[in-house]
Amino acid sequence: MSLSDKNLNYREIITKAVCGKGRKFSQASHNITPAHKPTSILGCWIINHKYDAEKKGDAIEVNGKYDINIWFSYDNNTKTNVATETVAYTDIVPLALQDKNVLSDEMEVLARAIQQPNTLEATIATNATDVNVQVEREFMVEVIGETKVCVYVNPDFSGDDWDEKVWDYDVEDEAFEDLDPNFLMGDLEE
């Protein structure tokens, strides 16, 4: 078999594939000023997390916001209140794995919060009027684009042998009724 015969056993296929991946863990500190001077912190939680992502050079920029709610006591622990503040952030997630054979600049960016923003600690600041909130979050991002893959083609393969031996079982349409057509996409609206 000559070298050119060997090369005929491979085919280039253009397909959409994950062409870049990245992951980033972040911690942030936010100062919140409640309406009353806090005596003690009774609780702190984060809700309403929204974000979007876009490719910027060799990284993904994740822009988001969330509400920080601080339950606190004031007036010498005789009253309580909840302070709420919306906080915006930007995380730059570098693409650690990148396919240099991407065929187009048109790419789809997927970002997923693998750890939603959560409070590590909420303490009364040294000025005794602010509350310092320590937050952590983590994102995983993927870039999907058109690329080439090379596959081996077996020249001796005969599909006739496989037609009835491998695929001889019946599958009814009812078996697919409970499948979610978006199960590969995950929860991108987080």
Side-chain angles (χ1 to χ4, degrees), residues 16-99 105-145 176-190:
K16 279 193 167 190
V18 175
C19 298
K21 283 187 175 191
R23 186 174 181 159
K24 183 173 183 181
F25 174 81
S26 300
Q27 289 186 330
S29 178
H30 306 289
N31 282 324
I32 311 296
T33 305
H36 306 281
K37 184 177 175 181
T39 304
S40 62
I41 305 300
L42 305 173
C44 185
W45 61 97
I46 296 173
I47 61 173
N48 299 326
H49 183 217
K50 306 281 186 218
Y51 60 90
D52 59 6
E54 63 180 306
K55 189 170 185 308
K56 297 273 179 116
D58 288 341
I60 302 300
E61 184 177 277
V62 179
N63 293 299
K65 64 181 179 176
Y66 45 79
D67 295 336
I68 297 177
N69 293 286
I70 303 166
W71 182 32
F72 65 98
S73 68
Y74 63 98
D75 201 14
N76 263 351
N77 288 324
T78 60
K79 299 176 184 170
T80 66
N81 201 350
V82 175
T84 300
E85 188 168 314
T86 301
V87 175
Y89 67 89
T90 298
D91 283 343
I92 305 297
V93 183
L95 293 172
L97 300 173
Q98 290 191 67
D99 181 352
D105 288 337
E106 292 181 33
M107 292 188 226
E108 182 181 352
V109 175
L110 302 176
R112 185 170 46 109
I114 55 177
Q115 180 175 328
Q116 290 289 338
N118 68 307
T119 304
L120 295 173
E121 184 178 29
T123 56
I124 298 173
T126 55
N127 68 7
T129 59
D130 294 344
V131 177
N132 183 270
V133 180
Q134 301 294 322
V135 176
E136 66 180 1
R137 60 186 175 263
E138 187 172 11
F139 282 97
M140 185 168 72
V141 297
E142 293 179 328
V143 177
I144 298 172
F176 296 105
E177 286 178 351
D178 294 333
L179 289 180
D180 179 5
N182 298 317
F183 76 101
L184 290 177
M185 295 302 290
D187 189 7
L188 298 178
E189 299 292 323
E190 295 180 5

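All figures in this text were calculated on a predicted structure; none of them were measured in a lab.
In this structure, K21 places its NZ atom where only 12 or fewer heavy-atom neighbours from other residues, nucleotides or ligands lie under 6.0 Å away. Environment of CG in N127: crowded, with over 12 heavy atoms of neighbouring residues, nucleotides or ligands closer than 6.0 Å. The 12-atom threshold is not exceeded at CD of E106, counting heavy atoms of other residues, nucleotides or ligands nearer than 6.0 Å.
The CD atom of Q115 lies 5.5 Å from the CZ atom of F25; values are rounded to the nearest 0.5 Å. One finds the CG atom of L110 at 6.0 Å from the CD atom of E142 (value rounded to the nearest 0.5 Å). In this structure, SG in C44 is found 12.5 Å from CH2 in W71, a value given to the nearest 0.5 Å. Annotation: the span from D130 atom CG to T123 atom OG1 amounts to 10.5 Å, rounded to 0.5 Å. Here CD of E54 is found 9.0 Å from CD1 of I60. Values are rounded to the nearest 0.5 Å. Atom-to-atom distance recorded for K50:NZ and T86:OG1 is 11.5 Å, nearest 0.5 angstrom.
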Give the intermediate values and the outcome of side chain to side chain contact (heavy atoms under 4.5 Å, CB included) for residues T33 and E85.
CA-CA 9 Å; T33 305; E85 188 168 314; 5.8 Å; no

Can T84 and I68 be said to form a side chain to side chain contact (heavy atoms under 4.5 Å, CB included), step by step?
CA-CA 6 Å; T84 300; I68 297 177; over 6 Å; no

Checking V87 against K65 for the side chain to side chain contact (heavy atoms under 4.5 Å, CB included) test, could you report, in this order, the C-alpha distance in whole Å, the side-chain angles of both residues, the deciding distance, and whether it holds?
CA-CA 5 Å; V87 175; K65 64 181 179 176; over 6 Å; no

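Contacts of D91 classified as salt bridge (charged side-chain N to carboxylate O under 4.0 Å, His left out), with partners at least two apart in sequence or in another chain: R137. Taking the salt bridge (charged side-chain N to carboxylate O under 4.0 Å, His left out) definition, one finds that D75 meets it with K79, sequence neighbours left out. Checked against ring-ring contact (aromatic ring centres under 6.0 Å, His included), Y89 has the following partners two or more places apart in sequence or in another chain: H49, Y66. The salt bridge (charged side-chain N to carboxylate O under 4.0 Å, His left out) check on K56 picks up E61, with sequence neighbours excluded. Shown here are the side chain to side chain contact (heavy atoms under 4.5 Å, CB included) partners of I124, two or more places apart in sequence or in another chain: P38, I41.
Of all the heavy atoms in A122 and V131, the pair that sits closest is CB-CG1, 4.3 Å. K55 and V109 get closest at one heavy-atom pair: N-CG2, 3.8 Å. N77 and S40 get closest at one heavy-atom pair: OD1-OG, 3.1 Å.
Salt bridge R23/E138: present, at least one basic N to carboxylate O contact under 4.0 Å.
Residues N69 and I46 have side chains not in contact (no heavy-atom distance under 4.5 Å, counting atoms from C-beta outward). Taking the side chain as every heavy atom from C-beta outward, N81 and Y74 approach each other to under 4.5 Å. For the pair P94 and D58, the minimum side-chain heavy-atom distance is 4.5 Å or more. For the pair V135/N118, no side-chain contact is recorded, criterion being any heavy-atom separation below 4.5 Å from C-beta on. For the pair V141 and V143, the minimum side-chain heavy-atom distance is 4.5 Å or more. A heavy-atom distance below 4.5 Å is not found between the side chains of P34 and I70. With contacts defined as side-chain heavy-atom distances shorter than 4.5 Å, the pair I32/V133 qualifies.
Q134 and N132 share a donor-acceptor pair across their side chains, judged by distance under 3.5 Å alone. Under 3.5 Å, the side chains of T39 and S73 contain no donor-acceptor pair of N or O atoms. Remark: the D67 side chain and the N48 side chain contain an N/O donor-acceptor pair separated by less than 3.5 Å.
Under the 3.5 Å distance criterion, the side-chain polar atoms of K24 are matched with a main-chain donor or acceptor of I92.
Note on residues 109-143: pairs passing ring pair (Phe, Tyr, Trp, His ring centres under 6.0 Å), not counting sequence neighbours, are Y51-F139.
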